[in-house]
Amino acid sequence: MIPPVQVSPLIKFTRYSALLVGMIYGKKRYDYLKPIAEEERRIEAEEKKKREELERIAKELAEGSPSI
């Protein structure tokens with residue numbers, strides 16, 4: 001087996017810096033997108049309620065109206 005290679009401190013620093021920058025970017029991006037997604041979910045829930053209400057009314061009308 002080959003002994004481990006000594007890694008340059010510059011490479012180590014660069015790797016950990018990139019990791020830290022990526023984590024910070026991810027947190028900022030998540031914080032930016034979270035309220036947008038919550039608003040989309042809220043709107044979708046409202047639309048679903050309206051759609052279900054319209055379907056219920058249409059079903060009641062279909063059952064209540066006499067067949068010709």
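Taking the side-chain hydrogen bond (donor to acceptor under 3.5 Å, both in side chains) definition, one finds that Glu53 meets it with Arg56, sequence neighbours left out. Every residue two or more places apart in sequence or in another chain that forms a side-chain hydrogen bond (donor to acceptor under 3.5 Å, both in side chains) with Glu46 is listed here: Arg42. Contacts of Leu54 classified as side-chain contact (heavy atoms from CB on, under 4.5 Å), with partners at least two apart in sequence or in another chain: none.
Residue Ile36 belongs to a hydrophobic cluster whose other members are Tyr32, Leu33, with links defined by side-chain heavy atoms closer than 4.5 Å. Under a 4.5 Å side-chain heavy-atom criterion applied to ILVMFWY residues, the cluster that includes Val7 comprises Ile11 as well. In the hydrophobic clustering, where aliphatic and aromatic side chains (Ile, Leu, Val, Met, Phe, Trp, Tyr) are joined below 4.5 Å either directly or transitively, Met23 groups with Tyr16, Leu19. Within the hydrophobic cluster formed by Ile, Leu, Val, Met, Phe, Trp and Tyr side chains joined at under 4.5 Å, directly or through other members, Ile24 is accompanied by Leu20.
Checked against Ile43 for a side chain to side chain contact (heavy atoms under 4.5 Å, CB included), the options Glu47, Arg41, Glu40 give a single hit: Glu47.
Counting only residues at least two apart or in different chains, salt bridge (Lys or Arg N to Asp or Glu O under 4.0 Å) contacts with residues 23-36 comprise Lys27-Asp31.
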Quick one, Lys59 with Glu55, criterion side-chain contact (heavy atoms from CB on, under 4.5 Å). Give me CA distance, side-chain angles, the key distance, then yes/no. CA-CA 6 Å; Lys59 185 178 178 182; Glu55 289 172 0; over 6 Å; no
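In this structure, Lys48 NZ and Glu44 CD are separated by 8.5 Å, a value rounded to the nearest 0.5 Å.
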